[in-house]
Amino acid sequence: MELPDLVEPAVEFSSRILSVPLSPKIVTRHYEIRTIEIVLLRATDMSGESGYATLWCFGLPQARVLTQILEYLTPFVFCMQSTSVTSILSELRREINFFGFKGVSVFGFSAIDMALTDLACRQQQRSLGEILGRRRSTIPTYWSGLFGNQPLDEILDEVDQKLDEGFRAIKLRTGNPSIKEDLRRIEAVLERIPNNVTLMLDAVQSWTLDQALDAVHQLEGMPIHWLEDPLVHTYYAGLTKLVETSSIPIATGENEYLSEGFEQLFTSGTQYLLADLERVGGIHEWQKVASRAREHGTILTPHVFPHIALQLCSTLDQSETWIEYIPWWNPLTSEPLQISDGCLIVPNTIGAGLNLDPDRVEAFATTPWVRLTE
């Protein structure tokens, strides 16, 4: 089924910035992040119904930049007074051409897509999954934590905690300067988890091609489900060579922009693709990538945005589906993600997937609502 159009157009756009504490915090070789900044976009129709989008970033300066692109783009939607989301997005594509089809202009494009799609679902009083045709009621999920600079004992404690919470898959960050240190951590985690628990690895674009080739050689034979982002994401020639060489499936894609950005990843033969809603262009572009992935026999998975991803992934026609469990949005909703025996339950919630609690939003807000259209 097709994505919904608006019953009546959006007549007002507003935004505000939230700061949400991270638990666990993000620790890498280069930084330590304790909060996530979320830019909210609200699209409201004449009847007072509202649809929402969220953009995530690190730090108030980045959030202000995202707010500025929304201030620039939303008046175009307001002036169109259109109920066709596809037509609105086509016009916006022409508008962002000046700044380019990557970077902050696409973030703004994505937010408008998500807010209007959420509004369209709410106007129809239906969930996004119901509109698109739900195929699954539960989807396997993996815990996305276990960061590279955490001491090993903290990592193992986190593994124990997540297994107790019902996870049956976890993702471990790798990419340390020494592959020996990575191997020590991987072996320790594999010893800690039962045989029925899946382990993914994420090198966070940390290796050169030679280091990545050495890593997959030394990891050969280990029960690793995929190795994510071993190389800088723009190194497509290296990615192709690594995919051809590695016995471990390679995953990448979270840094690609718009559906056309994924074409070179299909060409590389990458087995798993991760699409980030704020970079891929929102829900409509995500669906285009899903269609191309089906044609290529590639497994599409989401990068963060788990509430919306649940709705989208519940409709996918592919043999394997995963949701990355990221708890950043849980403090903002009275409908937290529900996990049962390693799977997330797909709720039949009205809208695109994320229902914000006004009181919780207020608790984390660092700015008031700012009207973007007159």
Side-chain angles (χ1 to χ4, degrees), residues 20 22 26 28 33 36-41 52-59 62-63 65-66 69-70 89 96 100-115 117-118 128 139 141-142 144-145 171 173 200 202-205 226 228-234 236 239 250-266 268 270 272-293 298-313 316 321-329 337 344 352-354:
V20 180
L22 290 180
I26 298 174
T28 73
I33 301 172
I36 189 83
E37 271 57 53
I38 291 179
V39 177
L40 285 185
L41 176 65
Y52 295 85
T54 64
L55 299 175
W56 63 272
C57 61
F58 298 126
Q62 290 186 1
V65 171
L66 294 179
I69 194 65
L70 295 175
L89 296 175
I96 67 173
F101 296 132
K102 291 189 177 184
V104 68
S105 58
V106 176
F107 278 65
F109 179 92
S110 300
I112 292 171
D113 170 287
M114 289 188 281
T117 303
D118 187 44
L128 179 60
I139 301 176
T141 186
Y142 62 92
S144 186
K171 185 165 75 176
R173 266 62 177 191
M200 294 89 161
D202 184 352
V204 202
Q205 304 183 66
W226 75 51
E228 183 180 333
D229 283 340
L231 306 172
V232 173
H233 72 275
T234 53
Y236 302 111
L239 176 65
I250 303 299
T252 191
E254 67 185 63
N255 293 285
E256 292 296 339
Y257 288 90
L258 300 176
S259 56
E260 55 263 39
F262 283 78
E263 289 303 315
Q264 49 215 341
L265 300 183
F266 290 125
S268 75
T270 305
Y272 290 91
L273 294 182
L274 292 85
D276 185 299
L277 278 165
E278 66 184 11
R279 289 185 176 87
V280 77
I283 292 168
H284 285 72
E285 289 289 304
W286 204 94
Q287 286 290 91
K288 291 179 184 178
V289 176
S291 178
R292 293 289 287 147
T298 307
I299 301 299
L300 178 63
T301 68
H303 178 247
V304 302
F305 290 98
H307 297 79
I308 302 174
L310 262 177
Q311 298 294 320
L312 290 170
C313 289
L316 289 179
T321 305
W322 292 94
I323 298 286
E324 181 177 27
Y325 191 102
I326 294 287
W328 299 344
W329 288 267
L337 301 166
L344 288 175
L354 178 62

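Nothing here was measured: the structure is a model prediction, and the numbers come from that model. Both backbone and side-chain heavy atoms feed into the values below; hydrogens, waters and symmetry mates do not.
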Ignoring hydrogens and angles, tell me if any N or O in the side chain of [X] forms a donor-acceptor pair with the backbone of [Y] under 3.5 Å.
{"X": "D118", "Y": "Y52", "result": "yes"}
{"X": "T301", "Y": "L273", "result": "yes"}
{"X": "D113", "Y": "H284", "result": "yes"}
{"X": "S105", "Y": "G100", "result": "yes"}
{"X": "T270", "Y": "I250", "result": "no"}
{"X": "E256", "Y": "F262", "result": "no"}

Give the minimum heavy-atom separation between [X] and [Y], together with the two atoms involved.
{"X": "I323", "Y": "P306", "answer": "CG2-CB, 4.0 Å"}
{"X": "Y272", "Y": "T298", "answer": "N-CG2, 4.4 Å"}
{"X": "R173", "Y": "V204", "answer": "CG-CG2, 3.7 Å"}
{"X": "A275", "Y": "L300", "answer": "CB-CD1, 4.0 Å"}
{"X": "I139", "Y": "L310", "answer": "CD1-O, 3.7 Å"}
{"X": "S144", "Y": "K171", "answer": "OG-CE, 3.5 Å"}

Validation row: N255, Q205 side chains within 4.5 angstrom (heavy atoms)
yes
Flag the pair L312 / Q287 as yes when at least one side-chain heavy-atom distance between them is below 4.5 Å, and no otherwise.
yes
[X] vs [Y] aromatic rings, parallel, tilted or perpendicular, using cut-offs 30° and 60°?
{"X": "W56", "Y": "H303", "result": "tilted"}
{"X": "F107", "Y": "Y257", "result": "tilted"}
{"X": "Y142", "Y": "W226", "result": "perpendicular"}

Supply the atom-to-atom distance [X] [atom1] to [Y] [atom2], rounded to the nearest 0.5 angstrom.
{"X": "L258", "Y": "S110", "atom1": "CG", "atom2": "OG", "value": "7.0 Å"}
{"X": "I326", "Y": "L337", "atom1": "CD1", "atom2": "CG", "value": "10.5 Å"}
{"X": "L265", "Y": "L274", "atom1": "CG", "atom2": "CG", "value": "10.5 Å"}
{"X": "L344", "Y": "E324", "atom1": "CG", "atom2": "CD", "value": "11.5 Å"}
{"X": "L55", "Y": "L277", "atom1": "CG", "atom2": "CG", "value": "10.0 Å"}
{"X": "L66", "Y": "E37", "atom1": "CG", "atom2": "CD", "value": "10.5 Å"}

Run the side-chain contact (heavy atoms from CB on, under 4.5 Å) check on T141 and W322 step by step: do they pass?
CA-CA 5 Å; T141 186; W322 292 94; 5.8 Å; no
Taking the six-membered ring for Trp and the single ring otherwise, decide whether the centroids of F305 and W286 are under 6.0 Å apart.
no
For side-chain contact (heavy atoms from CB on, under 4.5 Å), just list the numbers for R292 and E263, CA-CA rounded to whole Å, side-chain angles, deciding distance to a tenth of an Å, and then say yes or no.
CA-CA 9 Å; R292 293 289 287 147; E263 289 303 315; 2.8 Å; yes
Between V106 and R279, does the side-chain contact (heavy atoms from CB on, under 4.5 Å) criterion hold? Intermediate values first, please.
CA-CA 6 Å; V106 176; R279 289 185 176 87; 5.6 Å; no
Flag for E285-S259: side-chain donor and acceptor within less than 3.5 Å
yes
Would V304 and W329 satisfy side-chain contact (heavy atoms from CB on, under 4.5 Å), going step by step from the backbone distance to the final call?
CA-CA 10 Å; V304 302; W329 288 267; 4.2 Å; yes
